[in-house]
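Here the structure is laid out as structure tokens; the discussion comes afterwards.
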Amino acid sequence: MNTISVSDARRVESVGKSVLLRGWVRTRRDSKGGFSFLEINDGSCQGNVQVVAPATLDNYESDIRKLVTGASVAIEGEIKASPAKGQATEIHATRVELLGSADPETYPLQKKGHTFEFLRTIAHLRPRTNTFGAVARVRHQICKSIHDFFHEQGFVYVHTPVITASDCEGAGALFHVTTLDLEKLPRTEGQVDYSRDFFGKPAYLTVSGQLQGEAYACALGRIYTFGPTFRAENSNTPRHLAEFWMIEPEMAFFDLQDNMALAEAFLKRIIGDVLAHCTEDMQFFAERIDKELMSRLNNVLEKPFLRLPYTEAVDILLKSGKTWEFPVAWGNDLQSEHERYLTEQHFKCPVILYDYPRTLKPFYMRCNDDGKTVRAMDVLVPGVGEIIGGSQREERLDILEGRMRDQGLDPELYSWYCDLRRYGTVPHSGFGLGLERTVLFCTGMANIRDVIPFPRTPGNAEF
RNA sequence: UCCGCGGUAGCUCAGCGGUAGAGCAGCCGGCUGUUAACCGGCGGGUCCAAGGUUCGAAUCCUUGCCGCGGAGCCA
């Protein structure tokens with residue numbers, strides 16, 4: 001007897017097959033007509049398959065009538081067209097085996113709505129719900145699209161280190177990695193003696209693979225990284241995690257305009273794939289999570305991304321007649337209220353802002369000839385705001401070193417990075433995309449803690 | 001980290017100085033090719049913690065812990 005998934009069992013083409021199906025009971029409804037209805041889900045799709053279990057089965061009274069939400073079962077039977085509304089097919093069971101029950105007095109997932117806040121406290125069980133199953137499947141599809149897109153465009157997937165010994169990857173608080181005994185730290189002249197630590201110097205979890213990514217781009221041409229990233233910031237918001245996944249493409253011979261074109265094609269590919277391949281899950285999100293999801297995604301999919309220099313954006317904001325909580329002035333960083341106004345109200349389409357004041361941006365971004373701006377870009381989308389940040393990189397050694405000194409960094413500590421300019425330097429560009437923010441955008445979910453399986457945030461590393 | 005709101009039954013909440021409540025789900029019974037099924041009944045609580053005010057505190061005050069929303073940082 002062939003095993004079958006719920007996804008396949010729901011298809012009309014499966015009618016007539018004798019199958020073995022295994023999964024978890026969502027609900028049971030008994031009929032005095034001499035049978036029970038079981039709704040079975042196995043995570044293969046959004047929907048359940050309805051099983052009709054007749055009272056003539058030996059274990060009908062002993063097991064089947066006691067099946068509860070969450071119980072695991074194996075079912076043998078024949079797939080038939082369903083005579084009632086609500087489903088195309090159903091399985092007429094010839095055998096129902098109870099694999100494991102789930103005591104309804106203690107099993108927290110009962111047949112009722114639960115808040116996401118509560119489900120976060122049972123992160124090991126929440127994937128059994130409709131919403132979290134759908135999030136997991138869409139997250140998978142997004143990851144697959146990312147790999148497909150880059151592979152088709154000739155990119156090489158590069159694994160940059162998770163542990164880094166350079167304490168100079170840029171701003172952002174770092175997690176220390178150490179094997180020193182924190183109760184008895186070795187000290188020399190009052191300072192911790194890191195020469196006795198595992199790596200012989202301080203080490204940290206990575207906040208970005210960009211610098212190492214540049215090394216491989218300056219050899220292989222087009223590369224991307226895709227891995228876990230860590231920020232020890234005490235951020236407690238629906239958009240921040242201490243551990244998240246980031247995609248960072250890096251391309252030799254790409255200028256900023258090439259970079260923007262790639263970012264636009266990349267986002268459109270992800271959204272297009274999700275809509276094409278996750279139709280049932282996306283329909284669920286559109287109906288139950290976010291009524292405006294589809295119009296927002298279609299808007300990003302169909303409209304060309306508008307490209308706007310920072311200086312012109314400041315002019316638009318100044319002339320908008322709006323009063324801002326944070327003042328708009330050339331040289332000030334744009335706040336989320338400004339970014340959202342541009343993409344949601346003024347242009348009503350995705351916007352790529354570029355050429356930011358150099359004082360606002362890190363040393364590695366390429367300086368423009370105007371002496372004031374750098375070739376940075378931020379991609380803003382309606383509903384979410386900034387989703388991608390990137391730049392053309394400074395490829396001129398003398399200017400790069402000058403920028404490091406301006407920002408109080410010692411070029412000696414970055415000597416390997418400077419080597420990329422010292423030997424065979426080329427123009428190159430790249431950007432970073434937060435995976436979880438992309439999942440938020442694609443699903444309409446509101447909290448980033450609900451689009452990663454086991455979220456890590458300040459004060460929370462459960463499970 | 002700052003500002004605001006909140007922690008009461010398994011879950012979602014009401015009660016805001018005088019003996020602790022509802023809906024949902026759970027259990028029991030009824031009914032039904034059912035489908036967030038429906039109808040009736042039953043059980044269920046250190047009211048987040050520690051101090052304080054009071055004859056009396058879930059309710060008022062203080063502190064702490066935790067959660068949520070907004071801001072900052074950013075992906």
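Chain letters run A, B, ... following the sequence lines, proteins first and then strands; every chain starts at 1.
Note on A:T115: a side-chain N or O is less than 4.0 Å away from OP1 or OP2 of B:U12. For A:S36, no side-chain nitrogen or oxygen approaches OP1 or OP2 of B:U34 to under 4.0 Å. One finds a side-chain N or O of A:S31 lying less than 4.0 angstrom from the OP1 or OP2 phosphate oxygen of B:G33. Between A:R231 and B:G72 there is no side-chain N or O to OP1 or OP2 distance below 4.0 Å. In terms of phosphate contacts, A:R29 brings a side-chain nitrogen or oxygen within less than 4.0 Å of OP1 or OP2 of B:A37. Dashed line: the shortest gap from a side-chain N or O of A:R120 to OP1 or OP2 of B:C68 is under 4.0 Å. An OP1 or OP2 oxygen of B:A36 is reached within less than 4.0 angstrom by no side-chain nitrogen or oxygen of A:N130. Contact annotation: A:K111 side-chain N/O to B:A37 OP1/OP2 distance is under 4.0 Å. Contact check, A:R449 against B:C68: a side-chain N or O comes under 4.0 Å of OP1 or OP2. A:R239 has a side-chain polar atom (N or O) that falls below the 4.0 Å cut-off from OP1 or OP2 of B:A71. Residue A:Q110 places no side-chain N or O under 4.0 Å from the OP1 or OP2 atom of B:C11.
Among the nucleotides B:C73, B:C11, B:G26, the one closest to any side-chain atom of A:F118 is B:C11. Closest to the side chain of A:S235, out of B:U35, B:C73, B:G26, is B:C73. Of the candidates B:A37, B:U34, B:A75, the closest approach to any side-chain atom of A:Q50 belongs to B:U34. For A:N236, taking side-chain heavy atoms from C-beta onward, the closest of the listed nucleotides B:C68, B:G69, B:C73 is B:C68. Here the nucleotide nearest the side chain of A:M246, chosen from B:A75, B:U34, B:G67, is B:A75.
Taking the charged nitrogens against the carboxylate oxygens, A:E39 and A:K111 have no contact shorter than 4.0 Å, which rules out a salt bridge. Salt bridge annotation for A:R139-A:E436: present, with a cationic side-chain nitrogen under 4.0 angstrom from a carboxylate oxygen.
The residue from A:T359, A:N368, A:T311 that alone fulfils the side chain to side chain donor-acceptor pair (under 3.5 Å) condition with A:T373 is A:N368.
Along RNA chain B, the nucleotide nearest to A:D30 and the one nearest to A:Q87 differ in position, and the one closer to the 5' end is contacted by A:D30. In terms of position along RNA chain B, the nucleotide closest to A:F326 lies nearer the 5' end than the nucleotide closest to the other residue of the pair A:F326 and A:L241.
Across all strands shown, B:U12 forms a Watson-Crick or G-U wobble pair with B:A22, both key distances being under 3.5 Å.
With ring centers used as reference points, A:H151 lies 6.0 Å or more from A:Y157. Aromatic rings from A:F35 and A:H92 are positioned such that their centres are separated by 6.0 Å or more.
Ring geometry for A:F454 versus A:F463: interplanar angle of 30 to 60°, hence tilted.
A donor-acceptor contact under 3.5 Å links the side chain of A:E90 to the base of B:G33.
A syn orientation is assigned to B:U46, its glycosidic angle lying within 90° of 0.
Taking a centre distance below 5.5 Å and an interplanar angle below 30 degrees as the stacking criterion, A:F35 does not stack against the six-membered base ring of B:G33.
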